[in-house]
Amino acid sequence: MQLLTKAPRGTQDILPKDSYKWQFIENIMLNQAELFGFSEIRTPVFEHTELFSRSVGEDTDVVQKEMYTFNDKGGRSITLRPEGTAGAVRAMLEHGLYNESLPVKMSYITLCYRYEKPQSGRWREFTQFGVEMFGASSAAADAEVICLAKTLFDRLGLSNISLEINSIGCPKCRAKYYEALKKYFEGYKSELCETCLSRLDRNPMRILDCKSLICSKIAENAPAVLDFICADCKEHFEKLKEYLDAVSIEYTVNPKIVRGLDYYTRTVFEFVSKDKNTLGLVCGGGGRYDGLVEELGGKPTPALGFGLGIGRILLAMESQGIEIPKTNVCDVYIASIGDAASLFAFNLTRLLRESSFIAEYDTIGRGLKAQMKYADKIGAKFTLVLGDDEIASKKAKIKNMKTGDLLEINLDKNFLTEFFKIHAEAENEKIFKNFSQK
RNA sequence: GUGGGUAUAGCUUAGUUGGUUAAAGCGCCAGUUUGUGGCACUGGAGACCGUGGGUUCGAAUCCCAUUAUCCACCCCA
C-alpha cells in the first residue's frame with residue numbers, strides 16, 4: 001500500500017463503529033476519578049524537551065531513545081509527551097495550584113508518544129489515563145490511588161488482574177543502596193557495557209534493567225532494594241499494606257519492580273494481567289514521586305500518581321469477552337418517497353433531534369426498499385414512511401423494527417407527544433423483560 | 001535494540017509440481033413488477049497478487065532486496 005494512504009507505524013485509527021468502546025471506558029475512568037475527588041486537567045501534547053529529560057530522567061530508555069523530539073521554528077527543542085506526569089506537575093507549578101487547599105488531585109486522558117517497536121499492546125501513539133495527587137505524604141494517599149485503580153478494573157468488569165507492590169526507598173536510604181550497588185558492580189567493571197559504565201556513578205539502579213545479556217546476568221545477584229530501605233520507608237510500606245488489607249485489596253510484594261522512570265520514590269506498584277491471552281500485560285502502574293516537584297523547581301512536595309493505557313485495557317476486556325454496551329443507536333429512521341416527502345422528513349428529524357432523539361432520513365436518494373434495509377442495518381428502533389399521501393392526510397404509519405408492528409401516528413402538532421409515548425412504551429417493554437428475567 | 005512469522009478485492013481466505021480473461025464466502029450496490037427491513041434467489045461493482053529487481057518462452061507461485069505488518073524478548077502504558 002502507498003505511504004499516502006497508510007497511517008504511520010505504531011498508530012491506530014479508531015473507526016466510527018468502534019469509538020463507543022473508547023468513550024465507554026474513558027467515561028468510566030473520568031467518572032470514577034471524580035468519585036475520588038480528582039478533576040480533569042488538560043495540558044499540551046508537547047512540552048519543552050528539558051521538562052521530560054529532567055523529570056523522567058536522562059538515563060531512562062524513554063529519554064535516551066524513545067522521545068519524539070524536534071526543533072520548532074523558533075529554535076526551541078520540543079518533545080511530544082511520552083507520559084502524563086511531567087506535564088501535570090509543570091502545570092501545577094506554573095499555576096501555583098499548591099497554594100490551594102491540599103491535596104491537589106487531578107486526572108487526565110491524553111495521547112502519549114514513544115518511538116518504540118510496535119507489538120501487541122504497544123503503540124507509538126497511545127492513550128493514557130492517569131491521576132496525580134500532590135501534598136499528601138501518608139500511606140493513606142498511596143492506598144487511595146491504588147484503590148482508585150482497583151475500582152476502575154472492577155467497574156470495567158476485568159478479572160485476573162493482580163496488584164504487585166514494592167518500595168524503592170527515599171533518597172536517604174537509596175544513597176546507601178546505590179553505594180552497595182556501586183560496590184557490587186565495580187567488581188565487574190571490565191564486563192559492563194558502555195552505557196552501564198556511565199550509569200555506574202549517576203544511577204546504578206538502571207543497570208538492573210540493562211538489555212545486554214552480560215549486564216543482566218551480572219545484575220541477577222546484585223543486592224535487593226528492600227534490604228536497604230530506612231526505618232521511615234519501611235514503616236510507610238507497612239502502613240500501606242495495612243490500608244490495603246483493611247479494604248481487602250489483594251496484592252503481592254514484588255521486589256523486582258524497578259520502574260523505568262527515574263522520579264519514583266518509596267511506593268511503586270503495577271497491575272499485571274494474569275489472563276492467558278494477555279498474560280504479563282501491564283494494565284497500569286504508578287507510585288510515589290516525592291522528589292519530582294522540587295527537582296522541577298517547586299517547594300518540596302510529596303506526590304504520587306498512577307497511569308494506564310486505554311488501548312491495553314480494551315485489549316484485556318476483549319480477550320475476556322466483556323461486552324461494551326452500544327449507546328448510539330438510531331431511535332427513528334424516516335423513509336421518504338419523493339421530493340416533498342424528503343423535505344418533510346428533514347423537518348421531522350430536526351424536531352426529533354431537538355428532543356434528543358437520534359433521527360436519520362435518506363440523504364442519497366434511495367428507493368423505499370433500500371431505505372428500509374438501511375434502517376435495519378443501522379439498527380433503527382422505529383421507521384416512519386413518508387409519501388405524498390401521508391403529507392396530504394397528516395397521518396403516517398410508524399413501524400417498530402423489532403416486533404414489526406405498524407402504528408399510526410399524526411403528523412401534526414401531536415407528533416412529538418405521540419412519538420414520545422410510542423418510544424417509551426417500547427423501551428418499557430425492554431426494561432421490563434430484563435427485569436423479569438432477573 | 002535482538003529474534004521469528006506473514007503480505008492475493010473493504011474483511012476472511014483458496015490458488016495444487018510455475019501455464020491463458022486470479023477464485024470463493026462475508027460486506028457493498030441493484031433487482032426478484034404495484035409503498036415497508038430481517039430470509040431466499042439473480043445480477044453488478046470491486047485486486048496493477050505489498051514494492052523493486054532477477055530466473056524463465058511464461059511468475060500470485062521460484063530467488064534476492066526493500067517496505068509494511070503481526071508476534072516474542074527487552075522495556076513500558
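Every chain is numbered from 1, with letters handed out A, B, ... down the list of sequences.
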On a whole-Å scale, what distance lies between the [atom1] atoms belonging to [N] and [M]?
{"N": "B:A47", "M": "B:U42", "atom1": "P", "answer": "24 Å"}
{"N": "B:U56", "M": "B:C64", "atom1": "C1'", "answer": "16 Å"}
{"N": "B:G1", "M": "B:C57", "atom1": "C1'", "answer": "47 Å"}
{"N": "B:C26", "M": "B:G44", "atom1": "P", "answer": "15 Å"}
{"N": "B:C48", "M": "B:A40", "atom1": "C1'", "answer": "37 Å"}
{"N": "B:C28", "M": "B:A59", "atom1": "C1'", "answer": "32 Å"}
{"N": "B:A60", "M": "B:U13", "atom1": "C1'", "answer": "14 Å"}
{"N": "B:C70", "M": "B:C62", "atom1": "C1'", "answer": "25 Å"}

Handout entry: Most 5' of A:Gln128 and A:Gly387 on RNA chain B, judged by nearest nucleotide
Key =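 Nearer the 5' end of the strand: A:Gly387.
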Exercise for the section: Assign each of A:Pro118 and A:Leu386 to its nearest nucleotide of RNA chain B by heavy atoms, then name whichever residue's nucleotide is nearer the 5' end. Expected result: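 With A:Pro118 and A:Leu386 compared, the 5'-side residue is A:Leu386.
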For the pair made of [atom1] in [X] and [atom2] in [N], what is the distance, rounded to whole Å?
{"X": "A:Met67", "N": "B:C76", "atom1": "CE", "atom2": "P", "value": "16 Å"}
{"X": "A:Leu15", "N": "B:C11", "atom1": "CG", "atom2": "P", "value": "11 Å"}
{"X": "A:Glu270", "N": "B:C76", "atom1": "CD", "atom2": "C1'", "value": "8 Å"}
{"X": "A:Arg124", "N": "B:C76", "atom1": "CZ", "atom2": "P", "value": "18 Å"}
{"X": "A:Gln64", "N": "B:C76", "atom1": "CD", "atom2": "P", "value": "13 Å"}
{"X": "A:Leu368", "N": "B:G37", "atom1": "CG", "atom2": "P", "value": "8 Å"}
{"X": "A:Gln371", "N": "B:G31", "atom1": "CD", "atom2": "C1'", "value": "16 Å"}
{"X": "A:Tyr361", "N": "B:U36", "atom1": "OH", "atom2": "C1'", "value": "20 Å"}

Handout entry: base_contact_polar (B:C75 base, A:Gln119 side chain, donor-acceptor, <3.5 Å)
Key = no
[X] side chain, from C-beta outward: closest of [options]:
{"X": "A:Lys6", "options": "B:G35, B:C76, B:A68", "answer": "B:A68"}
{"X": "A:Ser120", "options": "B:G37, B:A72, B:A77", "answer": "B:A72"}
{"X": "A:Arg9", "options": "B:C74, B:G35, B:U69", "answer": "B:U69"}
{"X": "A:Arg122", "options": "B:C28, B:G35, B:G1", "answer": "B:G1"}

Exercise for the section: Please work out if A:Gly130 contacts a base, only the sugar-phosphate, or nothing of the nucleic acid, heavy-atom cut-off 4.0 Å. Expected result: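 The answer is nothing, as A:Gly130 stays clear of every strand by at least 4.0 Å.
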Exercise for the section: Assign A:Glu125 to base, sugar-phosphate, or nothing according to its heavy-atom contacts below 4.0 angstrom with the strands shown. Expected result: nothing
Exercise for the section: Please answer whether B:A77 and A:Phe126 are stacked, defined here as ring centres separated by less than 5.5 Å and planes angled under 30°. Expected result: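 Stacked: centres under 5.5 Å apart, planes under 30°.
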Using a cut-off of under 3.5 Å, enumerate the N/O to N/O pairs linking the protein to nucleotides 2-5 of chain B.
unit_1, atom_1, unit_2, atom_2, d
B:U2, O4, A:Lys117, NZ, 3.0

Problem - A:Arg366 vs B:C29: side-chain N/O to OP1/OP2 distance below 4.0 Å - result: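 So the side-chain polar atoms of A:Arg366 do come within 4.0 Å of the phosphate oxygens OP1 or OP2 of B:C29, strictly under.
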Flag the pair [X] and [Y] as a salt bridge only when some basic side-chain nitrogen lies within less than 4.0 angstrom of an acidic carboxylate oxygen.
{"X": "A:Asp376", "Y": "A:Lys373", "value": "no"}
{"X": "A:Arg124", "Y": "A:Glu66", "value": "no"}
{"X": "A:Glu427", "Y": "A:Lys381", "value": "yes"}
{"X": "A:Glu50", "Y": "A:Arg54", "value": "yes"}

Look for any protein N or O under 3.5 Å of an N or O in nucleotides 38-46 of chain B and output each such pair with its distance, or none.
unit_1, atom_1, unit_2, atom_2, d
B:G38, O4', A:Asp376, OD2, 3.4

Practice task
Keeping the roles fixed (side chain from A:Asn254, backbone from A:Glu164), state whether a donor-acceptor pair exists under 3.5 Å.
Solution key: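 Here the side-chain-to-backbone pair does not exist.
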Handout entry: Check: A:Ser53 side chain, A:Thr49 main-chain N or O, donor-acceptor pair, under 3.5 Å
Key = yes
Exercise for the section: Give the minimum heavy-atom separation between A:Ala303 and A:Asp290, together with the two atoms involved. Expected result: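 Smallest heavy-atom distance, with atoms named: N-OD1, 3.1 Å.
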Exercise for the section: Determine the minimum heavy-atom distance between A:Lys399 and A:Gly404, stating which atoms define it. Expected result: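 Looking at all heavy atoms of both residues, the closest pair is CE-O, 3.8 Å.
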Problem - Non-hydrogen side-chain atoms of A:Ser107 and A:Glu40 separated by less than 4.5 Å - result: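 Yes, close enough: below the 4.5 Å cut-off.
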Please table the atom pairs, donor to acceptor, closer than 3.5 Å between any side-chain atom in residues 146-160 of chain A and protein atoms at least two apart or in another chain.
unit_1, atom_1, unit_2, atom_2, d
A:Lys150, NZ, A:Asp154, OD1, 3.4
A:Thr151, OG1, A:Gln32, NE2, 3.2
A:Thr151, OG1, A:Cys147, O, 3.1
A:Thr151, OG1, A:Leu148, O, 2.8
A:Arg155, NH1, A:Asn31, OD1, 2.8
A:Arg155, NH1, A:Gln32, OE1, 2.6
A:Arg155, NH2, A:Asn31, OD1, 3.3
A:Ser159, OG, A:Gln320, OE1, 3.1
A:Asn160, ND2, A:Asp275, OD1, 2.9

Problem - Heavy atoms of other groups near A:Glu429 CD, more than 12 under 6.0 Å - result: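 Result for CD/A:Glu429: open.
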Paired with [N]: which nucleotide, if any, by Watson-Crick or G-U wobble criteria at under 3.5 Å for both distances?
{"N": "B:A45", "result": "none"}
{"N": "B:G1", "result": "B:C73"}
{"N": "B:G19", "result": "B:C57"}
{"N": "B:A7", "result": "B:U67"}
{"N": "B:G38", "result": "none"}

Handout entry: Output field: ring centroids A:Phe382/A:Tyr333 closer than 6.0 Å
Key =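 No: the rings miss the under 6.0 Å criterion.
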